[in-house]
Amino acid sequence: MSSNKSNPLSGNNRFQTKSRHYHHRTKVEDGSWDNWIGDKTKSPFRQKFEKSFVTISVLLVGLGLIAAAFAVSYVVLQKVIPMISK
């Protein structure tokens with residue numbers, strides 16, 4: 001009594017499913033990330049301005065941190081160490 005039907009739980013058919021809607025390619029391709037997220041593309045002048053603004057900001061913050069480190073070391077060397085050595 002053998003049947004010719006194939007077992008649906010055996011073989012490769014067990015793990016195959018239909019493709020999800022988000023795996024299908026869309027027909028309309030915008031082609032750029034800015035279009036995908038809805039952002040306008042920036043002009044070359046705007047890109048250069050933002051890059052230089054970030055560079056100058058990082059330099060100013062870095063110089064401020066170095067100045068703060070020197071100020072703390074000055075306070076420690078001039079005021080705290082003489083108190084400890086008494």
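Side chains included, hydrogens not; waters and symmetry mates left out as well; all remaining heavy atoms used.
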Chemist: Applying side-chain hydrogen bond (donor to acceptor under 3.5 Å, both in side chains), which residue pairs with at least one partner in residues 59-79 are found, sequence neighbours left out?
Modeler: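 Every pair satisfying side-chain hydrogen bond (donor to acceptor under 3.5 Å, both in side chains) with a residue in residues 59-79: there are none.
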Chemist: Just jot down the side-chain hydrogen bond (donor to acceptor under 3.5 Å, both in side chains) partners of Gln47, sequence neighbours excluded, or say none.
Modeler: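 If we apply the side-chain hydrogen bond (donor to acceptor under 3.5 Å, both in side chains) test to Gln47, skipping adjacent residues, there are no hits.
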Chemist: Please tabulate, for side-chain N and O atoms in residues 49-56, each donor-acceptor pair with protein atoms closer than 3.5 Å (sequence neighbours left out).
Modeler:
{"residue": "Glu50", "atom": "OE1", "partner": "Lys42", "partner atom": "NZ", "Å": "3.1"}
{"residue": "Glu50", "atom": "OE2", "partner": "Arg46", "partner atom": "NE", "Å": "2.9"}
{"residue": "Glu50", "atom": "OE2", "partner": "Arg46", "partner atom": "NH2", "Å": "3.3"}
{"residue": "Ser52", "atom": "OG", "partner": "Lys48", "partner atom": "O", "Å": "3.1"}
{"residue": "Ser52", "atom": "OG", "partner": "Phe49", "partner atom": "O", "Å": "2.9"}
{"residue": "Thr55", "atom": "OG1", "partner": "Lys51", "partner atom": "O", "Å": "2.9"}

